[in-house]
Structures are given as structure tokens and as C-alpha cells.
Amino acid sequence: MLVLGIETSCDETGLAVYDSQRGLLAHRLYSQVKLHADYGGVVPELASRDHVRKILPLVRLVLEEAGITKNDIQGIAYTSGPGLMGALMVGGAVATALGYALDIPVIGVHHMEGHLLAPMLEDNPPQFPFVALLVSGGHTQLVAVQGIGQYQVLGESLDDAAGEAFDKTAKMLDLDYPGGPRLAAKADLGQINRFDFPRPMTDRPGLDFSFSGLKTFTRNLIEKHRGDDVLPDEQTILDICAGFQEAVVDTLVIKCRRALQQAGMKTLVIAGGVSANLRLRHKLEVALKKEGAEVFYARHEFCTDNGAMIAYTGCQRLVAGEKNTLSISATPRWPLDQLKQPQETV
Ligand code: KG4
Ligand code: ZN
């Protein structure tokens with residue numbers, strides 16, 4: 001089945017064509033990063049309008065790259081939540097209108113299920129069952145995954161998501177939006193141990209996270225070291241970035257090992273924007289190898305938001321016979337464990 005995937009949940013317009021026989025045929029991404037940079041974060045109304053401007057040219061481009069016309073498409077998948085309401089509506093409206101015009105099935109996909117299954121697009125995909133660490137700008141969750149649609153949330157962040165903590169800390173250090181990757185780049189140049197960052201909630205049992213304390217710790221460090229300036233000297237900034245990143249990574253590694261033990265599993269999947277973090281990948285690889293376990297992740301461009309993960313996920317559900325009615329579905333808040341196995345929802 002040839003499926004067009006559409007992702008518009010936040011500040012990225014992602015399009016892809018996935019074929020159940022031949023795999024991923026084409027994908028295209030337009031990032032709105034420059035548009036939102038002046039505001040230090042995503043402005044929802046601007047995001048929706050930019051999706052409107054970019055989506056149809058991208059549909060044409062991705063079909064052309066896949067070597068097909070719109071009449072070849074056999075199904076359409078779009079992100080129907082969670083995300084920004086206006087942004088979700090753009091993808092939903094285009095998908096639904098196209099599906100109606102072409103008389104083909106349309107399906108709304110859960111954005112985090114898309115992230116979770118993104119590593120399936122790689123040559124060496126993970127096998128079910130596995131534990132997934134979902135780490136994005138809006139979510140930090142550990143999930144026991146038995147199969148598609150069989151998700152049990154084992155633990156999650158009680159306050160900021162890991163990506164959000166990266167972004168907010170970067171903002172305090174006056175790094176440009178989006179701060180996560182910029183903070184990570186500085187962290188690689190700093191000293192890990194100069195500052196004694198806490199590893200929040202690791203000294204008690206359980207799989208929940210809390211990252212907001214790291215922000216306060218950073219704010220106090222900046223205050224202490226800035227002298228008469230707004231910010232500390234560059235070396236201190238690098239050392240704060242290194243200490244912060246190490247604290248987040250160590251905390252995630254500790255909880256992942258604990259989750260694997262608790263679930264009795266040997267396979268870990270990391271997904272979402274923060275899974276692009278090289279330090280996280282490295283420390284997980286080292287830690288899990290010692291225990292005979294293995295970590296899987298998607299290529300860099302499929303860790304952050306993209307259309308390929310939506311096309312793939314939608315394809316699995318469409319092939320199983322699932323589809324939506326022809327009304328646009330947009331669900332800004334949508335718990336992952338409300339999803340069902342594809343065949344149950346036909
Ligand atoms: O999955 P994603 O693209 O969007 C959401 O669904 O939220 O994740 C974006 C998040 C942002 O918070 C961004 O700063 C973070 O992922 N991120 C990173 C890195 N690359 C992206 N955080 C740390 N290190 C990175 N290399
Ligand atoms: Zn995302």
C-alpha cells in the first residue's frame with residue numbers, strides 16, 4: 001500500500017511517501033525554525049499560517065520525488081495529535097480533503113506513536129517487545145511496547161520534558177532557539193565535573209522523572225558566576241552546558257536500565273528529538289552492553305519531527321484495515337496508552 005504521510009503538529013511541515021512493499025520512497029521537511037527564532041519559541045498562529053503556505057508545494061514535491069502522481073496514492077496518514085490545535089488542523093484538513101477527492105482511506109496518527117516507531121524505518125529495526133524512551137520537546141516517557149498499539153506507560157516526567165529542560169536552560173544561557181542542539185554542541189566543549197548537578201529522582205524507586213530542579217540549579221549557577229555581567233564567562237557557560245547535559249543523560253540512563261529490568265526486556269528504543277543527542281546514545285550503548293542489552297534509534301533526521309514516521313505508522317494501521325471517518329480529527333492532548341492495536345479498531 002502506497003501511503004502519503006503528513007506531519008504538522010508543531011513547527012515542522014513533514015511529508016513522506018511510504019510503500020508497504022518497497023519501504024520509504026521519499027520524504028521532505030520544511031522547518032520553521034527561522035520564523036520563530038526572534039520570539040525564542042514557537043508562536044502557534046504563525047506556525048499554522050506557515051503550514052498553510054508550505055504544505056501543498058511539499059505534497060507535490062514529495063510525490064514527484066517518489067516518482068508517482070496523486071492518483072497512485074492508496075492511503076493518507078496525518079498527525080492528529082498531540083500538538084498545536086491550529087497546526088494539526090492544517091495537516092488534517094489537507095489529508096481529509098485529498099482523501100475525499102481521491103476516494104481513499106485517511107487515518108489520524110498519534111505523533112508519539114510515530115516517534116516510537118521511527119526506528120522501524122532503519123535497516124536494522126528493533127524487534128517487539130521493547131522498552132521505549134520517548135524524549136521530545138513535549139514528552140518524557142518510558143513505555144513497555146508489546147506491539148503496535150500495545151503501550152503501557154511505565155513512567156513519565158512530572159514537570160518539564162527532557163527537551164523542554166534543554167530548551168529552557170539554553171534560553172537562560174542566551175543560546176538561540178531551538179536551544180537543545182545548541183546546548184549539546186557547547187556541552188561537548190565543557191568540563192562535565194566542574195559543577196555538581198543533581199540526578200533528580202534517581203535515589204528513590206520508580207520510573208518517573210523531574211527536570212525542573214535542574215533549571216533552578218542552573219539559574220543559581222549563572223547568578224553566582226556572572227559577576228557584573230548578564231552571563232558568566234564563556235568557559236563557565238561551556239561547563240554549565242556539560243554538567244547539565246551529563247545530569248539529564250545520566251538520569252535517563254539510570255531510568256532506562258531500571259525500566260528494562262522491571263519489564264524483563266533486553267531491547268531499548270529511544271525516540272523523539274532528544275534521542276538525537278550523541279552523549280545520550282553513547283552512554284546508553286556503553287551501559288546496556290554491560291548487561292547484554294541493546295539500544296536502537298532512528299537516523300538523526302527521523303529523531304526530530306518528520307513525515308516519514310507518520311507515513312510508516314499510518315501505513316501499518318491502514319494495511320490492517322483501520323481508517324477514520326471523513327471528519328478532521330485534531331486532539332491537542334492525547335495519552336499514548338489510549339491507543340489500541342490496529343485490528344481492534346477496524
Ligand atoms: O521530537 P521533536 O522534534 O519535537 C517534539 O515532538 O517536541 O523534539 C524537539 C526537542 C526540542 O526540545 C529540542 O531542543 C530537542 O528535541 N533536541 C535535542 C537535540 N536535538 C533536538 N536535545 C538535546 N540534544 C540534541 N542533540
Ligand atoms: Zn515530535
Side-chain angles (χ1 to χ4, degrees), residues 5-14 16 29-33 36-37 40-42 44 47 78-84 87-88 91 109-119 132-141 156-157 159-173 175-190 209 211 214-215 241-253 269-284 297-310 312-313 332-334 336:
I6 302 178
E7 155 64 36
T8 62
S9 68
C10 191
D11 59 347
E12 241 104 49
T13 320
L29 187 83
Y30 174 77
S31 172
Q32 302 178 353
V33 160
H36 302 289
V42 179
Y78 67 98
T79 303
S80 57
L84 302 171
L88 291 169
V109 169
H110 192 293
H111 180 78
M112 297 313 292
E113 181 176 50
H115 275 306
L116 195 153
L117 297 177
L133 171 72
L134 301 178
V135 266
S136 70
H139 292 78
T140 300
Q141 289 186 317
E156 60 195 330
S157 180
D159 41 56
D160 293 349
E164 189 180 0
F166 263 93
D167 294 340
K168 287 180 176 172
T169 303
K171 205 167 183 176
M172 278 189 253
L173 294 167
L175 304 182
D176 287 342
Y177 163 85
R182 292 176 202 271
L183 191 156
K186 292 217 177 262
D188 293 340
L189 306 170
F209 304 89
F211 291 111
L214 291 178
K215 255 176 0 202
C241 290
F244 171 86
Q245 173 175 268
E246 205 67 8
V248 174
V249 166
D250 282 351
T251 305
L252 293 173
V253 172
V269 163
I270 55 171
V274 183
S275 68
N277 186 281
L278 296 178
R279 187 76 182 153
L280 176 64
R281 292 176 173 194
H282 172 72
K283 288 201 98 171
L284 274 173
Y297 40 79
R299 74 195 82 159
H300 191 283
E301 62 190 327
F302 294 162
C303 289
T304 46
D305 293 349
N306 65 86
M309 67 186 194
I310 302 303
Y312 174 83
T313 304
R333 287 174 188 276
W334 186 6
L336 183 70

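All residue numbers in this chain count up from 1 along the given sequence. Here the structure is a predicted model, which means the values were calculated and not measured. Computation of the quantities below employed the complete heavy-atom set of this structure, encompassing side-chain atoms and omitting hydrogens, waters and symmetry-equivalent molecules. Order of listing sets the numbers, starting from 1, for every ligand and every atom in it.
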Identity of the N, O or S atom of D305 lying closest to the Zn ion (ligand 2): OD1
A87 backbone acceptor or donor facing T8 side chain under 3.5 Å: yes
Check: P178 N/O within less than 3.5 Å of ligand 1 N/O: no
Aromatic ring proximity, centroids under 6.0 angstrom, F166 and F211: no
Mode of H111 contact toward ligand 1 - side chain, backbone, both, neither (heavy atoms, under 4.0 Å): side chain
Proximity flag C10 to ligand 1, non-hydrogen atoms under 4.0 Å: no
Aromatic ring pairing H110/W334, orientation class (parallel under 30°, perpendicular over 60°, tilted between): tilted
Whether over 12 other heavy atoms sit under 6.0 Å from K171 NZ: no
Residue part near ligand 1, for H115, under 4.0 Å between non-hydrogen atoms: side chain
Metal-centred angle, NE2 of H111 through the Zn ion (ligand 2) to NE2 of H115, rounded to 10 degrees: 90°
Matching residue for N277 among V249, L183, V248 - test: side chain to side chain contact (heavy atoms under 4.5 Å, CB included): V249
G81 backbone acceptor or donor facing T79 side chain under 3.5 Å: no
Contact atoms of ligand 1, heavy-atom distance to G138 under 4.0 Å: 7 (O)
Nearest-0.5 Å distance, CD of residue E246 to SG of residue C241: 12.5 Å
Ligand 1 contact by P181, heavy-atom criterion under 4.0 angstrom: yes
For G163, atoms of ligand 1 separated by under 4.0 Å from a heavy atom: 12 (O)
Contact (N/O only, under 3.5 Å) between M112 and ligand 1: no
Polar atom proximity, T304 to ligand 1 (N or O, under 3.5 Å): no
Side chain, backbone, both or neither: D167 near ligand 1, heavy atoms under 4.0 Å: side chain
N/O separation below 3.5 Å, F166 to ligand 1: no
Metal site the Zn ion (ligand 2): N/O/S of H139 inside 2.8 Å: no
R333 side chain vs P82 backbone, donor-acceptor pair below 3.5 Å: no
Proximal ligand 1 atoms for G137, defined as those under 4.0 Å from one of its heavy atoms: 5 (C), 7 (O), 8 (O), 9 (C), 10 (C), 12 (O)
Closest non-hydrogen atom pair, A161 against H139: CB-N, 3.5 Å
Residue and atom name of the nearest protein heavy atom (relative to atom 19 (C) of ligand 1), distance in Å to one decimal: G273 O, 3.7 Å
Contact summary for V42 and H36, nearest pair of heavy atoms: CA-ND1, 3.7 Å
Heavy-atom pair of closest approach, residues T140 and A162: OG1-N, 2.7 Å
Option whose closest heavy atom lies nearest to atom 4 (O) of ligand 1, chosen from N277, D305, V249: D305
